[in-house]
Amino acid sequence: MSEALELNRDENAASWRDRPQTQAGKIEIANISKSYGAFKALDDVSLTIEPGTVTVILGPSGSGKSTLLRTINHLERVDKGFIQIDGDYVGYRRRGDKLYELKEKAILKQRIQVGYVFQNFNLFPHMTVLDNIIEAPIVHGLLKRREAIERAYELLDTVGLREKAHAWPRQLSGGQQQRIAIARALALNPKVMLFDEPTSALDPELVGEVLEVINRLARSGVTLVVVTHEIGFARQVADRVVFMVDGKIVESGSAERVLNRPVHQRTRRFLEKVL
Ligand code: ADP
C-alpha cells in the first residue's frame, strides 16, 4: 500500500516540528487510529514518551495495547495520524503535507533502532543461543562476526546466561528463552525497546527473572515501552503508566498517581480486579 496519509495538524497533537535532541529514543505518537474492518482498535491515540524513560501500558484485554505497541515499529500500519522517533516518521517519509509509506527495505532498516520482545520469545529454534544473538547485527552489516560474538557475550552477561551460549532454545526454560530474546533485541543497539506482555507465557515462578532483566535495562538510556499485567513491576519500574480502554488512552501519569489514585472509573475497576 502506498496511499498517502494526510498530515494531521491538530494543535493538541504531539508536536511534529523538529526539536533539538539531547538524548535518543523520543517517541511521539500523534492522533493515531487503526481499524480492523468496522472495529476501531485504536481511536485517536496521542502520547509522547521521553527518551530513556519506562512506560507501562495497562488495560483490559482487547483495549488496543498490543496494536499500539506494534504501530511503534510499523508492524501495524495506522489509518490516521503518525508516529515519530527522534523526529523520523515511523514507516513513512514526508513530502509536502503528505506521508508516503517507505519501501520494505527502508522499513526493515528503520526497525533496527526499535527492539521488539514478543510474548512467545520467537527465538530461531534451529540456531544456538549465540547464533540467535549474532545473526541480526551481522546480517544488517553492523558488526563483523568477531565483534558480534564479543557483544553477544556481553549481552549474555547482562541477562545472566553466559553459560548457555551454545545451548539450543529448546533446552532452555521459558524464562531463559525470554532473557535470550531480550539479549537478541539488544544486539542491534536499539534506542527503543518494546515488550509485548513479555511474561504472560511464563510459569509464575519464571516471571521474576525476566522482570529483573527488564528492570536492569531501565535507566540504561534505552526507552522502554512495556505492555504487561504485572502491576508490581509497573509500580517499581515505570516512570509513567498509561491506561487504555476501547482503543483510547483514558488515563496517564506517574505510576504512583495512576496506581494509587486513579481518576478514571475504568482504571479503578481494573486495578481493583488485578490487585
Ligand atoms: P490488547 O493488547 O489490549 O489485548 P489488541 O491490541 O491485541 O488488544 O487488540 C485490540 C482489538 O483489536 C481486539 O479486539 C482484537 O481482537 C482486535 N485485533 C487485533 N489485531 C487484529 C487483526 N489483525 N485483525 C482483526 N482484529 C484484530
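Whatever order the structure lists ligands and atoms in, that order sets their numbers, starting from 1.
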- CD1/Ile182 to CE/Met193 distance, rounded to the nearest 0.5 angstrom? 6.0 Å
- Query: To the nearest 0.5 Å, how far apart are CG in Asp86 and OG1 in Thr223?
  - Reply: 7.5 Å
- Item | Test: Arg216 and Glu212 ion pair at under 4.0 Å | yes
- Message: Tell me if a side-chain donor or acceptor on Lys26 pairs with a main-chain N or O of Ile85 at a distance below 3.5 Å.
- Response: no
- Task: Kindly determine whether Ser33 and Asp79 satisfy side-chain hydrogen bond (donor to acceptor under 3.5 Å, both in side chains), including the steps that lead there.
- Result: CA-CA 6 Å; Ser33 293; Asp79 302 327; over 6 Å; no
- Item | Contact residues of ligand 1, where a non-hydrogen atom lies under 4.0 Å away | Tyr36, Phe39, Ala41, Pro60, Ser61, Gly62, Ser63, Gly64, Lys65, Ser66, Thr67, Arg70
- Within the 6.0 Å centroid threshold, strictly below: Tyr92 and Tyr100: no
